[in-house]
There are 2 protein chains.
Amino acid sequence: MHLEVAERLRRDGQRYTALRRAIVGELIAAPRPLTVRELLKSRRGLVQSSLYRNLAVLIAAGVVDRVAGMQEDTARYELAEFALGHHHHLVCMSCGDIADVALPKTLEHDLERGLRKVASSAGYALDHHRLDVIGRCRRCR
Amino acid sequence: MHLEVAERLRRDGQRYTALRRAIVGELIAAPRPLTVRELLKSRRGLVQSSLYRNLAVLIAAGVVDRVAGMQEDTARYELAEFALGHHHHLVCMSCGDIADVALPKTLEHDLERGLRKVASSAGYALDHHRLDVIGRCRRCR
DNA sequence: ATTTATGCAAATCGTTTGCAAACCT
DNA sequence: AGGTTTGCAAACGATTTGCATAAAT
């Protein structure tokens, strides 16, 4: 994975520094998208501004995706699709927790096809979509 | 529409003040979700804090929904589903513009069914979903 | 040697809150 | 009067930026 990431950064004219490697390592280890606060706690001595700057670089290089939580005041970050595959998010409306989910392939396919049509008939060129499933997690039921 | 809104506020123990009426009026007139900045410009003398407070009241009463834009740093507001019907958003990844769209009924229905299954098998109780279609609008093609 | 990344502190931006005056019933 | 809403200013929290130092090529 690190090799792939390094390659993507190189293609974008960016270095794969120790800090970036550490951040990517955390994201690889995490079972779900992480907030900046979580990332900061995971590594002592990690500085906010550097973290934000590196996340921006990683996003620009297509290595990381920024995803919105329930209350959109705190962003979360996860590895990009090339690493995690296409998926969506289950968001708990009570505690804000997030889990990754994938749709059945046929449904995802139908959806994709429908969206392309809907987008083009509105004059939009479809790039991608994001789908969040809002509900209550096991603990918050 | 204002009658319906008044009723919902009343049910929530809230008044339908002139300011709230004005805000709802703007949202009714708008062809798409509006930002706080847009709402502020639309009415001279409208104060930020009052606007935010009233939006909170309207959201709590189920009259308004808050929706996330592309770069989730600026929220947008629109009338709730009871007024606009269930729909999704086309978001321009270049200019950030937003348009409302609906999926074909059968697709929406299949999606709903699939999501319920996916959610429950992850231990979540489905509440609702949000689907954003990201692309480039006509002008940004 | 020159460019790029980092840490630290200060600045920004959207949003929220405290408080006193205005409003409604 | 008694509780609610409003305006204004200050407070907040997430994110960004300026600048001097450290690291990488």
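Bear in mind that the values here come from a model prediction, so they are computed numbers and not experimental data. The sequence lines fix the lettering, A, B, ..., with proteins before strands; numbering per chain opens at 1.
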Rounded to the Å, how far apart are A/Leu40 CG and C/dT6 P? 14 Å

Residue B/Arg15, side-chain heavy atoms: nucleotide from C/dT3, C/dG14, D/dT4 that is nearest: D/dT4

What is the distance, rounded to the nearest whole Å, between atom CG of B/Leu51 and atom C1' of C/dT17? 15 Å

Using modelled atom types and a 3.5 Å cut-off, is there a donor and acceptor pairing between side-chain atoms of A/Arg20 and backbone atoms of A/Arg15? yes

Can you check whether any acceptor in the base of C/dG18 is under 3.5 Å from a donor in the side chain of B/Arg53, or vice versa? yes

Look at the side-chain N and O atoms of A/Ser50 and state whether any lies under 4.0 Å from the OP1 or OP2 oxygen of C/dG7. yes

Whole Å only: how far is the CD atom of A/Gln14 from the C1' atom of C/dT3? 12 Å

B/His109: what forms a side chain to side chain donor-acceptor pair (under 3.5 Å) with it, not counting sequence neighbours? none

Check B/Glu7 with B/Arg10, please: is the shortest side-chain N to carboxylate O separation under 4.0 Å? yes

So, are A/Lys41 and A/Glu38 salt-bridged, with charged N and O less than 4.0 Å apart? no

Nearest whole Å is fine: how far is D/dT4 C1' from B/Leu58 CG? 15 Å

B/Arg10 CZ to D/dT4 P, straight-line distance once rounded to whole Å: 17 Å

Describe the nucleic acid contact of B/Thr17 in one word from base, sugar-phosphate, nothing, applying a heavy-atom distance below 4.0 Å. sugar-phosphate

Please report the distance, rounded to the nearest Å, between CG in A/Asp12 and P in C/dT4. 13 Å

Could you give the CG-to-P distance, from A/Leu9 to C/dT4, as a whole number of Å? 15 Å

Closest nucleotide among C/dT17, D/dT16, C/dT15 to the B/Tyr77 side chain: C/dT15

Could you work out which one of D/dA9, C/dG14, D/dT6 sits closest to the side chain of B/Ser49? D/dA9

Could you tell me whether A/Arg20 contacts a base, only the sugar-phosphate backbone, or nothing, with contacts defined as non-hydrogen atoms closer than 4.0 Å? sugar-phosphate

Compare side-chain N and O positions of B/Asn54 against OP1 and OP2 of D/dT5 and report whether any pair is under 4.0 Å apart. no

Could you check which of D/dC8, D/dT15, C/dT15 has an atom nearest any side-chain atom of B/Val47? D/dC8

Mind checking if B/Gln48 touches a base, just sugar-phosphate, or nothing, with heavy atoms under 4.0 Å? base

Could you state the CD1-C1' distance from B/Ile23 to D/dT6, rounded to the nearest angstrom? 11 Å

Do other residues, nucleotides or ligands put more than 12 heavy atoms under 6.0 Å from the CZ atom of B/Arg32? yes

Given C/dT15, is OP1 or OP2 found less than 4.0 Å from the side-chain N or O atoms of B/Tyr52? yes

